[in-house]
Amino acid sequence: MLEPGATIGILGGGQLGRMLALAAARLGLKCHIYAPAGDNPAFDVAARHTVGAYDDEAALAAFAREVEVVTYEFENVPARAAAVLGSLRPVYPDARALETTQDRLVEKDFVRALGIETAPYVAVDDAGSLARAVAALGRPSILKTRRFGYDGKGQATIRGGADLGGVFRALGSQPCILEGLVPFRREVSVVAARGADGAFAAWDVCENEHEQHILARTVAPARLSEATAAAAIEIAHRLADALAYVGVIAVEMFLVEERGAERLVVNELAPRVHNSGHWTMDGAATSQFEQHIRAVAGWPLGSTRRIGRCEMTNLIGEQAAQWREIAADPGARLHLYGKAEIRAGRKMGHVNRVELE
Ligand code: AMP
């Protein structure tokens, strides 16, 4: 168990690292952020930072020696970087969680092996296997790169008449999976945490709306039956246990309604704090950021009790220019990420609103 004053290393300098560092500071813990050169808003709020590339093994090793435990704010940490760090310090979540969630095929195989439903999928390694996969899954279907996809990047919908070779080339002619389209009613997610001792705590299931593939709004609690909500949390619990996971995990799911019955289909896992958990900063007894810090520091998990009906709205690109009006709204809790430059599609901040029940 880390004592106050100890230092947690975080790979990645974006808004998630920033909010982790703020939560850690509140508990008397320090953060040392490691990130490549660029706009790193986490640097502004952390005790220390190192600018370094994720393949600079000497810099990674020097960073590891200065911290007690290492975590990260995104899952695309190169496996080699995780191995270098892992040889020197505990890394949470560990290499297995990273390997499983970095690759959509490995991830789906893992979820399926636990008997948990996913979209139908087929591995696609070249244009020829894409044609066979489309014949098997039908159209429309969605082609996704196995690695490095986020916010809809690395994805293409295949409709009637699509030039399959062209679509495969447009995604970089790299290993992909083709997914059948899930006719979902809504998208929901479970954000939860597991401690090294196996303790598990989930927040209430929340409901997510995307615009142009980017999360626009999250509402908690989600509109779904109590039994389905319990089943969603049970799925997250089983996934976290199967990975012997330590930290906050997010499980994105599709809620399907068929003949009046609800069904859950897992879309993807995020081995980190997640945008759909930002409502917990103002709407729950413990925020996802504090919880992640608690888990990696070996502290007991905090209460996930929700304190009202919560709505989180992302401020994307120019929407951040509304900060004055939002700051003047007594019902709004404004979070700005301190990014140097507004760009289209860039997450600049978010607003939480909590209605006490
Ligand atoms: P992902 O990057 O896998 O989270 O996908 C981004 C978004 O695309 C999801 O949040 C869904 O809105 C949509 N999507 C992805 N996969 C599927 C699928 N198999 N069926 C239906 N919609 C999907």
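Here the structure is a predicted model, which is why all the values come from computation and not from measurement. We number each residue from 1, following the sequence as shown. Order of appearance sets the numbers: ligands from 1, and atoms from 1 within every ligand.
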Passing candidate, salt bridge (charged side-chain N to carboxylate O under 4.0 Å, His left out) with D39, options R346, K339, R343: R346
Ligand 1 atoms in contact with G180 (distance to a heavy atom under 4.0 Å): 18 (C), 19 (N), 20 (N)
Close aromatic pair by centroid cut-off 6.0 Å: F63 and H32: yes
Numbered atoms and elements of ligand 1 in range of E252, under 4.0 angstrom, heavy atoms: 4 (O)
Close-contact set for ligand 1 against E187 heavy atoms, below 4.0 Å: 9 (C), 10 (O), 11 (C), 12 (O)
Location of contacts on N208 toward ligand 1, heavy atoms closer than 4.0 Å: neither
Option of least heavy-atom distance to atom 19 (N) of ligand 1 (set: R186, E209, E179): E179
Salt-bridge contact E290-R294 (side-chain N to carboxylate O under 4.0 Å): yes
From the candidates E268, H213, K144, the one that places a heavy atom nearest atom 3 (O) of ligand 1: K144
Check against side-chain contact (heavy atoms from CB on, under 4.5 Å), K30 and I8: CA-CA 6 Å; K30 295 183 192 297; I8 296 174; over 6 Å; no
CZ-OG1 distance between R306 and T280, expressed to the nearest 0.5 angstrom: 12.5 Å
Pair Y54 + F74: ring centers closer than 6.0 Å: yes
Numbered atoms and elements of ligand 1 in range of A119, under 4.0 angstrom, heavy atoms: 19 (N)
Atom indices of ligand 1, in the order listed, that fall short of 4.0 Å to a heavy atom of L181: 20 (N), 21 (C)
Step-by-step side-chain hydrogen bond (donor to acceptor under 3.5 Å, both in side chains) determination, D44 to Y337: CA-CA 10 Å; D44 291 348; Y337 305 150; over 6 Å; no
Numbered atoms of ligand 1 (with element) below 4.0 Å of H210, judged on heavy atoms: 10 (O)
Close approach of Y121 to ligand 1, heavy atoms, under 4.0 angstrom: no
